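Here the structure comes first, spelled out in structure tokens, and everything after it is commentary.
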Amino acid sequence: MDKDKEKERRATWVPGAVIVGAGPSGLAAAACLAARGVPATVLERSDSLAFTWRHRMYDRLALHLPKRFCELPHLPFPEEYPTYPNKDQFVTYMERYAAASGVAPRFGTSVEEAAFDAPVGAWAVRLAGGEVLMTRWLVVATGENAEPHVPEFPGMRQFSGRVLHTREYKSGEEFAGEKVLVVGCGNSGMEVSLDLCRYGAKPSMVVRNTVHVLPREMLGLSTFGIAMALLKWLPVQLVDRFILAAAHLTLGNTSQLGLRRPKTGPIELKNLTGRTPVLDVGTLDHIKSGKIKVVGAVKEVTRVGARLADGKEEQFDAIILATGYRSNVPSWLKDGGDVFTREGTPKTPFPNGWKGRNGLYTVGFSQRGLLGASSDALSVARDIHCQWRERERE
């Protein structure tokens, strides 16, 4: 009993919701709640909003989809922005978005644990330093890309060159003239390889599995936009056939380049597994010309390079891990088992994975990018607002 009273004295009740994360997902959730008159406290462990976009993305990054598919609720991109805004333009958009919505995150605030307090009927959010916030509604918006995934290859520690994850990569300029092994063939691996080429480096790109590579545009129109339009009228398998036929005409047979396609079509595969097709922005031309070499899986890292799946050993000056990111939710969220797996990924597929039990919500875990985060934010705000209105009537 004394412990419960002590906990109550140290805890601070927060009006409205607590949102963990001030990236696009967290800002969208807070903005949608603000538009409905529901207050929210946004907690961000870094010193700025959109930290990942601001500090962990390479310089040449631009949105892979047209801006109309990437804008957040209640604020479109500026008309003067290009079709595919670059990294800096997106960060500026995020700053304008937060200002327009009146969202002011608490920066430098790290959540150590969030657990549901059943006797109280609320979430206890414990911060670094001991402060505890109590809330009826907890919105998890730390996203799918909170922590870098860094695989440990045999022998990696003996490598004499640089090993870095793409979160540390900014430009190919510092690798000019070097032989670089890029591990990963997703959008990041493809674009980093292309960027290295433009600065005179000699990249070899590791391709372990099958991958769908599509042109970013077809006949001047966004491939994604074409697919979304066709899906309104046609089944996904038929749309996949059309997209793949058009891709073959535009890009040729990618299997001949060492990029074998999965048996399942790109959209159906995305829906089933979350694997995103690569949208080509010029990398394939450099593979065809031999400027980018496609190699198999890494068996072992040596002191001066790597031994590959075919048994050949090649020398490299640097290794760049384009191996993606993962969720950090399991490290701090307790009692979220109805929503998240042990890996911190959603149990329920889009569009129904945004709500859990006891006032727990998620935004940005739909494996649908910014479009999915916007959909989640709108749904979460609508649901919390209904409960907020009922409490005001009591």
Side-chain angles (χ1 to χ4, degrees), residues 23-24 46-65 67 70 77 81-95 143 145-151 153 156 159-207 211 213 216 276 278-295 298 301 304-306 314-325 369-370:
S46 73
D47 61 359
S48 62
L49 55 82
F51 179 85
T52 297
W53 279 85
R54 193 187 300 269
H55 298 293
R56 291 184 176 177
M57 299 295 184
Y58 41 92
D59 292 344
R60 79 176 307 273
L61 178 67
L63 295 179
H64 295 127
L65 304 180
K67 60 184 179 183
C70 299
F77 280 97
Y81 272 25
T83 303
Y84 301 95
N86 62 36
K87 178 184 76 168
D88 292 337
Q89 289 170 326
F90 184 73
V91 170
T92 299
Y93 169 71
M94 287 286 92
E95 292 172 341
N145 302 321
E147 303 292 344
H149 172 59
V150 181
F153 293 104
M156 183 178 286
F159 182 61
S160 60
R162 290 181 62 189
V163 178
L164 65 156
H165 190 271
T166 47
R167 72 167 178 170
E168 303 167 83
Y169 177 91
K170 296 301 177 185
S171 166
E173 186 174 9
E174 59 185 299
F175 299 94
E178 295 186 2
K179 290 189 66 179
V180 183
L181 182 67
V182 179
V183 182
C185 62
N187 280 299
S188 293
M190 290 275 190
E191 290 192 21
V192 166
S193 296
L194 178 61
D195 191 55
L196 288 166
C197 274
R198 290 177 173 172
Y199 284 96
K202 302 168 186 175
S204 293
M205 184 175 64
V206 173
V207 179
V211 58
V213 183
R216 186 166 70 170
T276 302
V278 173
L279 297 176
D280 180 53
V281 292
T283 306
L284 282 192
D285 285 341
H286 285 69
I287 294 175
K288 292 174 183 177
S289 68
K291 292 181 180 178
I292 297 175
K293 184 179 179 181
V294 173
V295 299
V298 175
V301 176
V304 295
E314 295 195 29
Q315 293 188 359
F316 296 102
D317 300 298
I319 298 175
I320 298 175
L321 303 173
T323 46
Y325 294 81
L370 294 167

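Just so it is clear, the structure is predicted and the values come from calculations on it, not from any experiment. Just so you know, these numbers use all the heavy atoms, side chains as well, and skip hydrogens, waters and symmetry mates.
Under the 4.5 Å side-chain criterion, counting only non-hydrogen atoms from C-beta, S204 is not in contact with V180. E191 is listed as a side-chain neighbour of L61, based on a closest heavy-atom distance under 4.5 Å. Considering only heavy atoms from C-beta on, V150 comes within 4.5 Å of L321 through its side chain. For the pair D280/D285, no side-chain contact is recorded, criterion being any heavy-atom separation below 4.5 Å from C-beta on.
Of all heavy-atom pairs spanning C70 and L63, the tightest one is CB-CD1, 3.8 Å. In terms of heavy atoms, T323 sits closest to H149 at OG1-O, 2.6 Å. Nearest heavy-atom pair, G172 versus L196, reported as atom, atom and distance to 0.1 Å: CA-CD2, 4.0 Å. Smallest separation of non-hydrogen atoms from A322 and S188: CB-C, 4.3 Å. Contact between N187 and L279 at its shortest, heavy atoms only, is OD1-N, 3.0 Å. Contact between M156 and P151 at its shortest, heavy atoms only, is CE-O, 3.6 Å.
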Take M205 and V192 through the test side chain to side chain contact (heavy atoms under 4.5 Å, CB included) and record every step on the way to the result. CA-CA 10 Å; M205 184 175 64; V192 166; over 6 Å; no
Could you walk me through whether E168 and R162 pass the salt bridge (charged side-chain N to carboxylate O under 4.0 Å, His left out) check? CA-CA 11 Å; E168 303 167 83; R162 290 181 62 189; over 6 Å; no
Which is it for F175 and D317 under the side chain to side chain contact (heavy atoms under 4.5 Å, CB included) test, yes or no, and what are the steps along the way? CA-CA 9 Å; F175 299 94; D317 300 298; over 6 Å; no
Evaluate Y169 against D59 for side chain to side chain donor-acceptor pair (under 3.5 Å), listing each step before the verdict. CA-CA 8 Å; Y169 177 91; D59 292 344; over 6 Å; no
Hey, mind stepping through V213 and L284 against side chain to side chain contact (heavy atoms under 4.5 Å, CB included) and telling me if it holds? CA-CA 9 Å; V213 183; L284 282 192; 3.9 Å; yes
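H165 places a side-chain N or O within 3.5 Å of a backbone atom of G324 that can act as its donor or acceptor partner. Under the 3.5 Å distance criterion, the side-chain polar atoms of Q89 are matched with a main-chain donor or acceptor of N86. In this structure, R60 contributes its side chain and D195 its backbone to no donor-acceptor pair below 3.5 Å. Between the side chain of K179 and the backbone N or O of P203 there is no donor-acceptor pair closer than 3.5 Å. The main-chain N or O of H55 is found under 3.5 Å from a side-chain atom of K170 such that the two form a donor-acceptor pair. One N or O on the side chain of K87 and one on the backbone of M57 form a donor-acceptor pair closer than 3.5 Å. The backbone N or O of V304 sits nowhere less than 3.5 Å from a side-chain atom of S160 that would complete a donor-acceptor pair. A side-chain donor-acceptor contact under 3.5 Å links T283 to the backbone of M190.
Remark: F316 engages no residue in a ring-ring contact (aromatic ring centres under 6.0 Å, His included) (not counting sequence neighbours).
The CH2 atom of W53 lies 12.0 Å from the OH atom of Y93; values are rounded to the nearest 0.5 Å. Note that OG of S193 and NZ of K293 are 13.5 Å apart. Values are rounded to the nearest 0.5 Å. Remark: S48 OG to M94 CE distance equals 12.5 Å, nearest 0.5 Å. The distance from atom OG1 of T166 to atom CD1 of I320, rounded to the nearest 0.5 Å, is 8.5 Å. Separating the OH atom in Y325 from the OG1 atom in T52 is a distance of 7.0 Å, to the nearest 0.5 Å. Separation of atoms CG (L181) and NZ (K202) is listed at 15.0 Å; rounding is to 0.5 Å.
Shown here is E173, whose CD atom has no more than 12 heavy atoms of other residues, nucleotides or ligands within 6.0 Å.
With Y84 as the aromatic partner, R216 meets the cation-pi criteria of under 6.0 angstrom to the ring centre and within 45 degrees of the ring axis.
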